[in-house]
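Step one of this worksheet: look at the structure below.
Just so it is clear: chains get the letters A, B, ... in the order the sequence lines come, proteins before strands, and each one is counted from 1.
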Amino acid sequence: MSEPHSPPQVPESLKKARDAFPILKRTVNGKPIVYLDNAASTQKPQPVIDAISHYYSHENANIHRGVHLLSTEATAAYEAARGKLARYLNANDESEIVFTRGATESINLVAHSFLEPILQPGDEILISCLEHHANIVPWQLLCERTGAQLKVAPIFDNGDLDVDAYLSLMGPRTKLAGLVHVSNAIGTVNPIEVIIEAAKAKDIPILIDAAQSVQHMTVNLQALDCDFLVFSGHKMFMPTGIGALYGKRSRLDQMRPYQGGGDMIAHVTFDKTTFKKPPSRFEAGTPHIAGGIGLAAAIDYIEAIGRDVIHEYESQLITYAADRLKAAPGVRLIGEPTNRSGAVSFVMESAHAHDIGTILDTEGIAIRSGHHCCEPLMGRFGISATARASIALYNTPEDIDALVAGLAKVNQLFG
Amino acid sequence: MSEPHSPPQVPESLKKARDAFPILKRTVNGKPIVYLDNAASTQKPQPVIDAISHYYSHENANIHRGVHLLSTEATAAYEAARGKLARYLNANDESEIVFTRGATESINLVAHSFLEPILQPGDEILISCLEHHANIVPWQLLCERTGAQLKVAPIFDNGDLDVDAYLSLMGPRTKLAGLVHVSNAIGTVNPIEVIIEAAKAKDIPILIDAAQSVQHMTVNLQALDCDFLVFSGHKMFMPTGIGALYGKRSRLDQMRPYQGGGDMIAHVTFDKTTFKKPPSRFEAGTPHIAGGIGLAAAIDYIEAIGRDVIHEYESQLITYAADRLKAAPGVRLIGEPTNRSGAVSFVMESAHAHDIGTILDTEGIAIRSGHHCCEPLMGRFGISATARASIALYNTPEDIDALVAGLAKVNQLFG
Amino acid sequence: MNSDLKALYRDTLLKHSRDPRNRGEIEDPDHSACLKNPLCGDQITLYIATRGDRIESARFEAQCCSICMASASMLTFRVEGMTLGESDAFAATLAEAFNQANTPLPLLENDELHALEGVKSFPSRIRCATLPWEALREAISNKQ
Amino acid sequence: MNSDLKALYRDTLLKHSRDPRNRGEIEDPDHSACLKNPLCGDQITLYIATRGDRIESARFEAQCCSICMASASMLTFRVEGMTLGESDAFAATLAEAFNQANTPLPLLENDELHALEGVKSFPSRIRCATLPWEALREAISNKQ
Ligand SMILES: Cc1ncc(COP(=O)(O)O)c(C=O)c1O
Ligand SMILES: Cc1ncc(COP(=O)(O)O)c(C=O)c1O
C-alpha cells in the first residue's frame, strides 16, 4: 500500500491534457493559473473552441427547415450530436435525448411536462438533503402550485445519504423521486443503482441529477434504467447554454409540451394544433445549434482519452486532495463521504470561506467559496459557506500542493 | 425619381461588410454563396466569432458566484452585455433585460410568469394572423390550461394588418395583446406605435415580437413604451442560444419565477424559499455566458456601421428585390404590404417552393421554402408554402440579380 | 445544369409531377390517412379501396412539391393488386432504402420508381419522396 | 504577499473582524433588518435603538466573512449619534462610492472606514463591505 499522502501518477494519456486548454496557459495575478473550480464550470479544450468557430465560419444556418446546403449540413451536424450523446450515455435511442440549456432547465421541463399534470394535492416528491437548488426549487414551486408535498431524506454526519431513510420515504403517494448522483458541494457519490432499483420496484419515476457525474465516470443508461437523467454541458468541457434531459421514451411519449413555438408542432391552425413526437415536442424554437456542435466535439475529446482512465486518475487525485487538506493546519473538511468524486469542501478556523477564496486568488488559485447552491445542505452542517476545490482531468497533484501551500498563507495572514 | 428596378447603391460603410463574414467566402456546389435566408438566421461576423473564442480561451468561468478572477471577469463581461443591450434598445434600466434562449423562450416566459397567474376562463388573448408559431402556440397551450380564448385579428389581401379590426378586438377581457413587429414570412411592417398607444389607453399589456425588426431598424423602447418585447440573437449576427425578453420593470416586479434553480433565489430552505429581484428571478441556472459575450460583440459591430445606414440601405434593397421578383416571369408575390422590411415571399406557376429551393441551392443561392412557421398565415393565402428571400446588411443588388436569374432556370426546368 | 439536379428531376419524375395519376378522392375508402411534413407544410391524403386483402385501387390528394407528387403518383400505380401486407412491407423497405446513401433502391430494372433514385443526393428532399409511402403504411394501419 | 491583498486586509480591518464591536442583539429595537448576500450566503441582522430621531445604539449579528464583519463593526460605531436621515444618506453615499473605482471614499482623513478602501480592487468583495450599510438602510425603512 502507498502511504496516505502519496500523489497519484498522471497517466500517459493525460500528461499533455493541459496543453489542449488554452486558458490554462494564462497567468492570474502574475502566477500560473491553478483552476480548481471545475464543479462550477470546466474549461474548454481547443477542439471544442475550434468546432464552434468552424461552425460559425462554415456551416451556420437554421436547422430542420431548410432545403439549402448550409441548413442541411447544420441539421445533420446537430442531429449527429444528439446521436453521439445518446451513445455516450448508452441510451436506448437518440429520441430519448432532449437538448436543453442545462441541468436546471432539464429538471424544470420534467416538473412542467411530466409531473405537474399528474400531481394531486397530498402527493409527494422525494429528494435528498444533498440536492443542488436546481433539484429543490422547481419542486417547491410545483408543490406550491399543486398542493403536493416535498419530502427530504436526511444524510449522515459524514455526508453520506441515509439510504434507508430515503427508501422508507418512498411511499404510495410518491410521484417522483429525485436524487443527485454526485454532490457538487461535498463530493458524495450516491448509490443510485440501489435507489433506482427500489424506485422501479415501487413503480416510482426517478430522476437522477448527473450534473457532477457524467464528466467524471461512465454513466450507462441502459444499465441504470432510470426514468430521467439531467446534466449541463458547461461542466463537461462543452459550450455554455447546452445540456440535456434524458427521458425514457415511454415517459416522454406521455408528456405534454414544454415551451410552445416553431419546430415542436406537427400542424398549427388557430383551431387546433398538434405536436411532434419526442424529442422535438420539447424543443421549441431555434435551438443552440453551435452548442450541440461543441457538445459533440467535447465527447470526441473525452472518448479519445478514455473515460476509465479519467475516472481512475481523478479518483486518486481527489482522495489525495482530501487527505492533504484534512492534514492541513486549521482546516476542517465538510463531508467525509464513503465514496467521493470531484470535489472536497472545507472551512478554516482562521478565515471565512470568502476570505480564503480571495487570498488563494491572489496566488492564482481558483476555488469556489459560498453555499454552492446548496443552502439546505450548508444548514445541515450548521454553516453558511465552505471553500470548495473541485477537479477535472487536467488537474495535477501539483495543483493540490499549491492549494495546500495557499492555505498556509491564509493562516499566516489571519492566524 | 429613379426607375423602379434600379439597384440601390451600397453605402461606403457597407462595401466591405461581406469581408467580415467568413462563411460568405465559402462556395456552395462550386458557386460563391448567395445567402438570402437571413430571416431564419443571420451569419456571424469575425468579431463575434473571435469574442466567443476569446472568452473560452481566456475568461471562461461560471458567473455570479465566484470570488476568483476568472469568475469576476466573466460576470463583469456578461453583465456588461446586459447593459449594452439595454442601451441598444434604449430600455429604462438594464434590469429590464432578461436573457433567454431566444424569442420563443421569451414569449413562453411571459405566458408562464406574467399571464397564467392572472388569466381567468373567458379572458382573451389577442394576436394577429401574421404571427409566427412562437407567438401563437404558447397562447394556445395557455388557453387550453386556463379556459381563456385566443382572438385573432385578420389581415388584408396585400398582407397588411387590419388595424381597425385589431383595435376593435381589444376588449374588456383582453388580458394580453401580442403583435409581431415585422412578419418573417411576408415582410409586413406593423404600425406598432399606434397599436401600443391604443393598448395603453385601454390598459392592456402588450407584447411585441421584434424577432425580425431589431436587426433591421432602430427599436427605441422608451419611445415605444410597450410592456414586453422579445427577440433572438441568432437573427442579429449573434451566437445561437441567446436572446432576450425586455419587460417593463413594473411588470417584471409582479411576475412569478419561471424556471427554479440556482442564481434566481435569495434564500432557500426546505420550508421557504425567496426569490431575487428581476432580472435574476427569471434566469435560473448557469446561463449561456458565451452567448452574452457574443451578443455584446455583435452590438458593437452593428453600431460601428450605424443602424440608420443599415435601415436605409436595406429598405432600398428589399424594395428592389420585391420589384424584380414581381416582374419575373411566372412569379407571384405573396404579400405586397405597404411597408416592407427584410423579406419577400413568392410562389411560381411552374414549380413548388420546395423545388425552387433545391434548384436555387445548386446555384449556390440559399433561400427558405415552406410555411416559415406561419401555417395560419399560409392558410390565409390559400397555400401551404412559399419561397422566401430575406436579406441582411451584407447582401447586395447582385445577390438579388442572381436570385432572379436562378428563377429563370426553374422555369426552364419545369416550364 | 448541375448533374445531380438532372438526376433528381428526371423526365419520368417531371411527367408524373405535372400529370399525376390517380389524383382525387375515393369515397368510402377502406383505408385512408392524411400525413403532413411539418418541415415544409407538404400534405398528402391517401385513399385505398380493397377487395378482400388486396388493394383494388389507390388514389391521393396532395398539396406538395414535384417529388412528393411524383412519388405519390407512382405509388398508386405500383401497389395496385398487392396485398396490404405486401404493400406495407414494400413501403417499409423503400423508405428505409431512401435513407441508405450507398445502396440502390431495391427495385427491378424497369421499375419507374427508379426515377426517384436521384433524391438520395438531396438529403433534405428524401422526406418528400417517402411521405406518400409513410401515408400508405399509416392508411393500412387505419381501418375506416 | 500581494500588495493589493495587504491593502485589503489592513490591520484595522483584521482587528475589527477578529474582535468586532457591538456584536449581538438589541431586544426591542426601534429598527432592524436581516439581509443576505445570495451569492455567498453571508447574512447580517442589524438592530437600531433610537432616541427621538437619533441613533442611540446599533448592534449586529452576522455569519459572514472578515470584510463584512469589519464593515459592520465599524458601522455600529460610526452611526451612533447620527439622525436616521443622516445615516441613511451616509450609507447611500458610501455604498455608491465603493462602486466607483477611481474616486476615494468620501471620508475624513482619520476615519477608520478608510480600512475598507482596499476592497475596491476586489470587485467580487465589494458587496461584502456594503452589505451592512444596505442592511442599515433597510432597517431604517422598517419601523419595528
Ligand atoms: C417573427 C418571429 N418570431 C419568433 C421567432 C422565433 O425565434 P426563435 O426560433 O429564435 O425562438 C422567429 C424566428 O423564426 C420569427 O421570425
Ligand atoms: C449537482 C448539480 N445539479 C444542478 C446544477 C445546475 O446546473 P446548471 O446551472 O448548469 O443548470 C449544478 C451546477 O451547479 C450541479 O452541480
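Contacts of A:Y258 with chain B are made by both backbone and side-chain atoms, with heavy-atom separations under 4.5 Å. Residue contact with chain B, scored on non-hydrogen atoms closer than 4.5 Å, involves the backbone of A:P287 exclusively. Using a 4.5 Å cut-off between heavy atoms, A:I242 does not touch chain B at all. Contact of B:Q140 with chain A is made through the side chain alone, with heavy-atom distances under 4.5 Å. When heavy atoms are compared at a cutoff of 4.5 Å, A:V152 approaches chain B solely by way of its side chain, counted from C-beta outward. Contact annotation for A:M264: only side-chain heavy atoms (C-beta onward) come within less than 4.5 Å of a heavy atom of chain B. With a 4.5 angstrom heavy-atom cutoff, B:L69 touches chain A via backbone and side-chain atoms both. If you measure heavy-atom distances from B:T42 to chain A, the contacts under 4.5 Å come from the backbone alone. Contacts of B:I33 with chain A are made by side-chain atoms alone, with heavy-atom separations under 4.5 Å and no backbone atom involved. Contact annotation for B:N62: both backbone and side-chain heavy atoms come within less than 4.5 Å of a heavy atom of chain A. Proximity to chain A is limited to the backbone of B:T100, based on heavy atoms less than 4.5 angstrom apart. Within the 4.5 angstrom heavy-atom criterion, atoms from both the backbone and the side chain of B:T286 approach chain A. At a 4.5 Å heavy-atom cutoff, the contact between B:I289 and chain A is made by backbone and side-chain atoms alike.
Judged by distance alone, with hydrogens and angles left aside, the side-chain atoms of B:Q43 form a donor-acceptor pair with the main-chain N or O of A:N60 at under 3.5 Å. Of the possible donor and acceptor atoms, none in the side chain of B:N108 sits under 3.5 Å from a partner among the backbone N and O of A:Q259. B:T240 contributes a side-chain N or O that, together with a main-chain N or O of A:A290, makes up a donor-acceptor pair within less than 3.5 Å.
Between the CZ atom of B:R101 and the NE2 atom of A:H288 there is a distance of 10.0 Å, given to the nearest 0.5 Å. Note that CD of A:E375 is 8.5 Å distant from OG1 of B:T269, once rounded to the nearest 0.5 Å. Taking CD1 from B:I367 and OG from A:S71, the interatomic distance works out to 12.0 Å, rounded to the nearest 0.5 Å. For the atom pair CD1 of A:I23 and OH of B:Y56, the computed distance is 11.0 Å after rounding to the nearest 0.5 Å. Atoms NZ and CZ, from B:K151 and A:F270 in turn, are 13.0 Å apart once rounded to the nearest 0.5 Å. Rounding to the nearest 0.5 Å places NE2 of A:H267 at 9.0 Å from NE2 of B:H133.
Counting heavy-atom pairs under 4.5 Å between each of A:I136, A:V137, A:V268, A:T72 and chain B puts A:V268 at the top. Each of A:T358, A:L70, A:V28, A:I365 has some count of heavy-atom pairs under 4.5 Å with chain B, and the biggest count is that of A:L70. Of all the listed residues (B:S57, B:A40, B:G370, B:G241), the one sharing the greatest number of non-hydrogen pairs under 4.5 Å with chain A is B:S57. Of the residues considered (A:P138, A:G364, A:A111), A:P138 shows the highest number of contacts with chain B, using heavy-atom pairs under 4.5 Å. Ranked by heavy-atom pairs under 4.5 Å with chain B, the first of A:G102, A:S232, A:P239 is A:P239. Listed options B:E105, B:H112, B:H58 were ranked by heavy-atom pairs under 4.5 angstrom with chain A; first place goes to B:E105. Chain B forms more heavy-atom pairs under 4.5 Å with one residue of A:C374, A:P376, A:S369 than with any other, namely A:P376. Of the listed residues B:Q46, B:H354, B:H371, the one with more heavy-atom pairs under 4.5 angstrom with chain A than any other is B:H354. Ranked by heavy-atom pairs shorter than 4.5 Å toward chain B, the options A:E73, A:R256, A:K25 are led by A:E73.
Between B:R26 and A:E59, no side-chain nitrogen of the basic residue sits less than 4.0 Å from a carboxylate oxygen of the acidic one, so the salt-bridge criterion is not met.
In this structure B:R281 satisfies the salt bridge (charged side-chain N to carboxylate O under 4.0 Å, His left out) test with no other residue, sequence neighbours excluded.
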- Message: Assess the residue pair B:I49 and A:S53 against the criterion (side chain to side chain contact (heavy atoms under 4.5 Å, CB included)); give the C-alpha distance rounded to whole Å, side-chain angles, the decisive distance to 0.1 Å, and a yes or no.
- Response: CA-CA 6 Å; B:I49 301 173; A:S53 299; 3.8 Å; yes
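Exactly one residue among A:D361, A:D37, A:T362 makes a side chain to side chain donor-acceptor pair (under 3.5 Å) with B:H68. That residue is A:D37.
Between A:G262 and B:C373 the shortest heavy-atom distance is CA-SG, 3.9 Å. Of all the heavy atoms in B:G285 and A:T104, the pair that sits closest is CA-OG1, 3.4 Å. Residues B:V67 and A:G357 come closest through the heavy atom pair CG2-CA, 3.8 Å.
When side chains are defined from C-beta on, A:P257 counts as touching B:L141, because their heavy atoms get closer than 4.5 Å.
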